[in-house]
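What follows is one structure encoded as structure tokens, with my remarks underneath.
The model shown is predicted, which means the values in this text are computed figures rather than measured ones.
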Amino acid sequence: MALRALIFDVDGTLAETEELHRQAFNQAFAARALATTWPDPQRQWNWDQENYRKLLTVTGGKERIAAYLGDWLGIAPDTHKEQIAAIHADKTLRFAELLALGRLTLRPGVSELISQARQMGLQLAIATTTSRSNVDVLARIAFSSEADAIFDVISCGDEVAEKKPAPDVYQLALERLCMEPAECWAFEDSHNGLRSAKAAGLRCVVTPSAYTTHEDLSSADILVECLDDIRLSSLAGAP
Ligand code: XBP
Ligand code: MG
């Protein structure tokens with residue numbers, strides 16, 4: 001089938017956002033003095049880079065906080081759903097503020113790939129675990145444009161039942177594109193994202209990001225250090 005669309009993950013693929021997510025989580029934790037509410041003697045509710053790498057195996061911010069409570073601190077997360085939602089809402093605001101400082105740029109090759117895709121008449125989509133507001137802020141900062149002006153379809157984690165590695169968010173993007181998986185390629189940076197794309201029946205280009213270089217990405221159809229290395233003509237001709 002002819003290539004008709006590219007579907008992009010956001011965090012780690014379009015830009016190295018994950019470090020800002022980490023900082024935003026820590027700011028939200030500190031603001032609520034969580035070390036007093038839920039004692040965490042070792043880490044004082046401060047996720048360092050090494051632990052954040054481990055925590056990233058849980059996709060979604062609310063799910064990550066819940067997993068930290070349950071698996072790391074032994075506190076049942078189900079009885080704290082409201083607090084988790086409130087901390088996460090605060091984290092989302094702080095992430096937007098950090099993005100607004102304007103130091104974040106697109107990863108190398110992203111802008112060129114998107115222009116090339118447009119010239120070839122391809123549709124562009126997003127399939128991300130993060131929420132729509134984060135996509136909108138990132139687009140304004142990194143593309144200097146509204147997300148809707150760049151992407152024909154935007155599917156986010158808060159619109160589906162199961163986040164990555166489940167296929168839901170890619171299936172939603174395909175539904176909105178009205179396309180078959182064989183007409184598209186996915187672009188990912190992580191093991192969970194790759195699993196999600198493959199479970200939706202898509203072929204996937206993977207470009208490891210700062211937080212995913214150690215992950216098993218061996219089931220990628222194409223593995224590249226950087227999206228600069230991708231030629232769309234080769235994807236269009238791929239079986
Ligand atoms: C990215 C994520 C996200 C961000 C935080 O996964 O797991 O959870 O870390 O996002 P992917 P929210 O790149 O595979 O989509 O806090 O907004 O949920
Ligand atoms: Mg990602």
With distance as the sole test, does [X] use its side chain to make a donor-acceptor pair with the main-chain N or O of [Y] at under 3.5 Å?
X	Y	result
Ser196	Ala166	yes
Trp45	Trp38	yes
Thr13	Val10	no
Asp158	Ser131	no

Under a 4.0 Å threshold between the charged nitrogen and the carboxylate oxygen, would [Y] count as salt-bridged to [X]?
X	Y	result
Arg4	Glu180	no
Asp148	Arg132	yes
Arg64	Asp71	no
Asp189	Arg107	no
Arg176	Glu159	yes

What is the distance from atom [atom1] of [X] to atom [atom2] of [Y], rounded to the nearest 0.5 Å?
X	Y	atom1	atom2	result
Cys156	Asp136	SG	CG	8.0 Å
Arg94	His21	CZ	NE2	15.5 Å
Leu223	Thr207	CG	OG1	8.0 Å
Leu194	Asn192	CG	CG	9.5 Å
Arg195	Cys204	CZ	SG	13.0 Å
Ser145	Arg140	OG	CZ	10.0 Å

Verify the cluster assignment for [X] and [Y]: are they in a single hydrophobic cluster under the rule of side-chain heavy atoms below 4.5 Å apart?
X	Y	answer
Val110	Leu3	yes
Val224	Leu217	no
Ile87	Leu93	no
Ile154	Met179	no
Leu6	Val135	yes

Write down the atom of [X], the atom of [Y], and the distance for their closest heavy-atom approach.
X	Y	value
Gln123	Arg118	CA-NH1, 4.4 Å
Gly70	Pro77	CA-CD, 4.0 Å
Ser111	Leu106	CB-CD1, 4.2 Å
Pro167	Ala200	CB-N, 3.7 Å
Val206	Ala220	CG2-CB, 3.5 Å
Ile141	Ala100	CD1-CA, 3.7 Å

**OP:** Assign the ring pair Phe29 / Trp47 to parallel, tilted or perpendicular, where the plane angle (0 to 90°) is split at 30° and 60°.
**Re:** perpendicular
Test item: side-chain donor near acceptor, [X] and [Y], under 3.5 Å:
X	Y	result
Tyr68	Asn51	no
Tyr211	Glu16	no
Gln49	Glu19	yes
Glu112	Gln116	no
Glu175	Tyr170	no
Asp216	Ser218	yes

Within the structure provided, determine whether [X] and [Y] are in side-chain contact (heavy-atom separation under 4.5 Å).
X	Y	answer
Leu113	Phe187	yes
Phe151	Ile114	yes
Phe143	Leu138	no
Ile7	Leu202	yes
Phe8	Val205	no
Ser190	Glu215	yes
Ile222	Ile230	yes
Leu235	Leu232	yes

Original post:
Could you walk me through whether Leu14 and Asp9 pass the side chain to side chain contact (heavy atoms under 4.5 Å, CB included) check?
Top reply: CA-CA 7 Å; Leu14 294 182; Asp9 166 52; over 6 Å; no
**OP:** Using the side chain to side chain contact (heavy atoms under 4.5 Å, CB included) rule, take Val169 and Lys164 through it: C-alpha gap first, then chi angles, then the decisive distance, then the call.
**Re:** CA-CA 7 Å; Val169 77; Lys164 298 174 188 177; 3.7 Å; yes
**OP:** List the steps, then state whether salt bridge (Lys or Arg N to Asp or Glu O under 4.0 Å) holds for Arg22 with Asp48.
**Re:** CA-CA 8 Å; Arg22 185 186 73 85; Asp48 62 22; over 6 Å; no
**OP:** Given side chain to side chain contact (heavy atoms under 4.5 Å, CB included), test Ser155 with Ile126 step by step and report yes or no.
**Re:** CA-CA 6 Å; Ser155 301; Ile126 275 181; over 6 Å; no
Subject >> Criterion side chain to side chain contact (heavy atoms under 4.5 Å, CB included) on Thr57 and Lys54, from CA distance to verdict >> reply: CA-CA 6 Å; Thr57 54; Lys54 294 176 193 153; 5.7 Å; no
Subject >> Lys91 to Phe95, cation-pi by 6.0 Å centre distance and 45° axis angle >> reply: yes
**OP:** Could you tell me which residues satisfy side chain to side chain donor-acceptor pair (under 3.5 Å) with Ser115, sequence neighbours excluded, listed by chain and number?
**Re:** none
